[in-house]
Visitor: 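Okay, handing you the structure first.
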Amino acid sequence: MLNPIFFKMPKIIIALDFSDKKSAMKLIDLLNPSIYFLKIGKEMFTILGCKFIQELHRLGFSIFLDLKFHDIPNTVFNATKAAADLGIWMLSVHASGGKKMMISAKKALKSFKKPPLLIAITALTSLKEEDLKEIGVKMSLTEYILTLSKLSNDCGLDGIVCPGEEAKKIKFLFGNKYKIITPGIRFSKDLLYDQNNIITPKKAKEYKIDYIVVGRSITKSKNPIKKLDLIIKSMQ
Ligand code: C5P
């Protein structure tokens, strides 16, 4: 099988959104840690905590701890430091937490020899323009994403999480060093669930997205490896 790590295609992060360890391990046991990255979000972290991360590290996986920090600068500074102490590979904060919060998160990583990549969530891929209006944002979804991308770039973050359609513009504006991570990956026949801004793996490659986050189309699949093969093939 092709390994995305060695080819010019987006690398694959699997969103481990399970409600119990047994189901998560059933999938993890099928995965090669030199090909796939794992994302631990609020659900699994709340259930299984740091020990689970240590266990996955022992199995050789790089972990994206997607806790999407959003709090006052001092709290985010301390939480970021605590997360980096776990030896994770990537960590997320909400760009809408503002400049001071993001700079604090960045500062918290200064003392680490090998700090995790610090990335900012711009707009959740579940959001529609009408949802933004409801929370008082008068910009279009694209304008909002570009504004938050610039802000997090100014704060020295390593990249952003953003919907696929905006990725092309962001690569053009901020260059290759600024990493783009895109969830909402679907084939045309896949179920959307709660996602609104979706993109196919093929388009993700075309838009030069660095990492795709793949969740339910794998975790809910009867044959996750076959599905992953299809994703990789479609990005060739
Ligand atoms: O593929 P699926 O829709 O299941 O992927 C959902 C995963 O992507 C969840 O873990 C969710 O937290 C994450 N995510 C997202 N939108 C963002 C950031 C992360 O859907 N902006």
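Only this structure's heavy atoms are used, side chains among them; waters, hydrogens and symmetry mates stay out. Quick caveat: nothing in here was measured; it's all calculated off a predicted structure. For ligands, and for the atoms within them, numbers begin at 1 and follow the listed sequence.
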Visitor: For a quick test of reading the model, state the closest non-hydrogen atom pair linking Leu91 to Phe69 and the distance between them.
Guide: CD1-CE1, 4.0 Å

Visitor: Show the atom names and distances, to 0.1 Å, of all donor-acceptor pairs under 3.5 Å that link a side chain in residues 161-169 to residues at least two apart or in another chain.
Guide:
unit_1	atom_1	unit_2	atom_2	d
Glu165	OE1	Tyr207	OH	3.2
Glu166	OE2	Thr142	OG1	2.8

Visitor: Shared ILVMFWY cluster between Leu157 and Ile103, side chains joined below 4.5 angstrom?
Guide: no

Visitor: Considering residues at least two apart in sequence or located in another chain, which fulfil the side-chain hydrogen bond (donor to acceptor under 3.5 Å, both in side chains) criterion with Asp29?
Guide: none

Visitor: Heavy-atom cut-off of under 4.0 Å around ligand 1: list whichever protein residues fall inside it, by chain and number.
Guide: Ala15, Asp17, Lys39, Asp66, Lys68, Ile121, Ala123, Leu124, Thr125, Val161, Pro183, Arg186, Gln195, Val213, Gly215, Arg216

Visitor: Flag the pair Phe37 / Tyr211 as yes when their ring centroid distance falls below 6.0 Å, and as no otherwise.
Guide: yes

Visitor: Residues in side-chain hydrogen bond (donor to acceptor under 3.5 Å, both in side chains) with Lys227, at least two apart?
Guide: Asp190

